[in-house]
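Please read these numbers as outputs of a predicted model, since none were measured by experiment. Letters go in sequence order (proteins before strands), and every chain restarts at 1.
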There are 2 protein chains.
Amino acid sequence: MAGPTTDRRLLRGEETRRAVLRRAVEIASVEGLEALSIGRLATDLGLSKSGVFAGFGSKEELQLATVRAARRIFADAVLAPVADIPPGLARARALCEGWLAYSRTRVFPGGCFFFEVTAEFDARPGPLRDALADSARTWHRIVEDTLAEARTAGALRPDTDLGDLAFGLIALLEAANSQAVLHEEDTPYQRAGRLLLRLLRAEATDPADPALA
Amino acid sequence: MAGPTTDRRLLRGEETRRAVLRRAVEIASVEGLEALSIGRLATDLGLSKSGVFAGFGSKEELQLATVRAARRIFADAVLAPVADIPPGLARARALCEGWLAYSRTRVFPGGCFFFEVTAEFDARPGPLRDALADSARTWHRIVEDTLAEARTAGALRPDTDLGDLAFGLIALLEAANSQAVLHEEDTPYQRAGRLLLRLLRAEATDPADPALA
DNA sequence: AAACTGAACGAACGATCGTGCTAACATCTC
DNA sequence: GAGATGTTAGCACGATCGTTCGTTCAGTTT
């Protein structure tokens with residue numbers, strides 16, 4: 001019964017909402033979620049201010065919807081590609097390299113969307129920070145779970161601290177994004193690529209594992 | 001001749017400028033440099049909007065002055081304490097631990113000032129980004145130079161890639177700051193502490209060096 | 001004492017912000 | 001057809017933004 005509606009009024013509304021969010025994630029990844037203004041989105045898209053506003057009900061709801069939209073884009077760009085790869089070291093490595101590519105190719109024009117907006121809201125309690133903290137936790141868990149699979153498969157040492165390892169890998173990815181965007185350089189990505197391989201090798205049962213070549 | 005002026009009019013102006021900047025770095029470390037508003041600073045400090053404005057000439061100049069003020073605070077909190085420590089591995093480690101303490105003790109209420117505002121401006125060309133890129137480069141160079149001293153002293157292996165090592169260390173520090181502030185946890189600092197020791201040990205000529213105990 | 005300098009104030013400017021209202025219009029349900 | 005429902009536009013609101021201007025007053029210089 002439920003299923004996707006066929007009501008063309010609702011469909012049109014959803015369509016403009018999507019258009020708004022498409023632009024919103026772009027702006028937010030460069031200038032932050034506070035720089036999102038309803039009037040600006042309206043002008044950019046040739047809509048009326050109240051039209052944009054009506055689609056979300058409040059500025060905060062627009063911001064939250066923007067975060068959700070960014071999560072979908074992130075999942076498509078980083079998570080989906082590694083789904084085919086069998087669990088293990090190779091998948092763990094591909095996940096990291098995929099993230100670097102996601103930053104490097106500017107899936108969001110300002111680099112990683114979440115790096116930008118999390119720094120913006122990490123010290124400001126509220127629904128926005130909660131949503132971003134949840135996103136961060138989810139991402140962290142994905143990395144850790146991927147590493148756990150590799151350990152179960154026997155590719156990582158049994159005494160490896162998965163929390164520390166995930167933390168180290170994510171630290172390298174974010175630092176690469178940050179410095180690459182700031183200085184418009186490619187070197188940070190190369191450094192991160194080398195260092196994350198070293199980190200994985202140090203915990204691998206077989207440092208010569210072909211997945212770490 | 002030149003020297004610090006004794007003109008009490010100028011001194012008073014400098015004093016209020018300092019008061020404004022003291023509040024400005026607090027706000028910016030939590031909400032970013034765009035959230036700095038002249039009216040708000042004026043109300044917070046019991047001054048008039050035009051009074052605050054006059055002290056800086058433009059909003060952008062106020063933001064730039066805020067960055068400079070933050071650099072001084074950072075230097076006092078992180079750089080000055082390690083000046084006493086003789087060059088070598090011990091100083092390198094102390095620099096990292098000092099940075100973690102600087103973040104942990106909330107020298108700026110929103111965690112590292114530069115992490116917050118660099119994410120805000122890293123994709124927006126202009127004087128602000130230039131100033132922040134310069135700050136980042138300076139800090140990076142300090143870490144690298146400190147490591148270079150340690151290598152000259154024979155504590156680090158001759159083939160160590162100092163750029164990579166500095167990148168790795170800084171990545172750990174910033175990730176710790178980011179996650180600790182976002183989730184209001186202490187664990188990230190502990191993870192960073194453990195991992196940076198491992199990173200240093202891996203490059204040390206003597207992994208059992210007492211400076212890495 | 002007169003002339004000058006610099007900090008700070010108060011009032012006003014045009015612009016933009018988020019947010020309400022009401023009306024026009026398309027689309028669905030009956 | 002009539003009536004309900006949902007999207008979008010137009011207009012106005014109070015608030016706040018950065019900035020300008022003229023004035024006041026403390027302090028320096030001559």
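Evaluation of atom-type donor-acceptor distances gives no pair under 3.5 Å for the side chain of K49(A) against the base of dG10(D).
Residues from residues 26-42 of chain B that place a heavy atom under 4.0 Å from any atom of DNA chain C: there are none. Of the residues in residues 56-66 of chain A, those placing a heavy atom less than 4.0 Å from an atom of DNA chain C are S58(A), K59(A), in numerical order. Of all the residues in residues 116-125 of chain A, not one reaches under 4.0 Å from DNA chain C with any non-hydrogen atom.
Residues passing the ring-ring contact (aromatic ring centres under 6.0 Å, His included) test with F115(A) are F115(B), sequence neighbours excluded. Listed by chain and number, the residues in a salt bridge (Lys or Arg N to Asp or Glu O under 4.0 Å) with R9(B) are D7(B) (sequence neighbours excluded). Listed by chain and number, the residues in a salt bridge (Lys or Arg N to Asp or Glu O under 4.0 Å) with K49(B) amount to none (sequence neighbours excluded). Shown here are the side chain to side chain donor-acceptor pair (under 3.5 Å) partners of R68(B), two or more places apart in sequence or in another chain: E61(B). When the salt bridge (Lys or Arg N to Asp or Glu O under 4.0 Å) test is applied to E31(A), the partners found at least two apart in sequence or on another chain are R40(A). Contacts of E184(B) classified as side chain to side chain donor-acceptor pair (under 3.5 Å), with partners at least two apart in sequence or in another chain: R129(A). Every residue two or more places apart in sequence or in another chain that forms a ring-ring contact (aromatic ring centres under 6.0 Å, His included) with F114(A) is listed here: F74(A). With sequence neighbours excluded, the residues that form a ring-ring contact (aromatic ring centres under 6.0 Å, His included) with F113(A) are F108(A).
Between the side chains of R71(A) and S135(A), at least one donor N or O lies within less than 3.5 Å of an accepting N or O.
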Tabulate protein N/O versus nucleotide N/O from nucleotides 6-8 of chain C, keeping only pairs under 3.5 Å, one per line.
| residue | atom | partner | partner atom | Å |
| --- | --- | --- | --- | --- |
| dA8(C) | OP1 | T16(B) | OG1 | 3.1 |
| dA8(C) | OP2 | T16(B) | OG1 | 2.9 |

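Here the P atom of nucleotide dC9(C) and the CG atom of L45(B) are 10 Å apart, to the nearest Å. Rounded to whole angstrom, the span from the CZ atom of R8(A) across to the P atom of dC28(C) amounts to 5 Å.
The existence of a salt bridge linking E26(B) and R23(B) is confirmed by a sub-4.0 Å separation between a basic side-chain nitrogen and an acidic carboxylate oxygen. A salt bridge between E15(B) and R18(B) is present, with a side-chain N of the basic residue lying under 4.0 Å from a carboxylate O of the acidic one.
Here the side chain of T43(B) pairs a donor or acceptor atom with the backbone of G39(B) at under 3.5 angstrom.
No engagement by T43(B) is indicated, since no non-hydrogen atom pair under 4.0 Å with the nucleic acid exists.
Within the 4.5 Å cutoff, the side chain of D122(B) has no heavy atoms near those of the L132(B) side chain.
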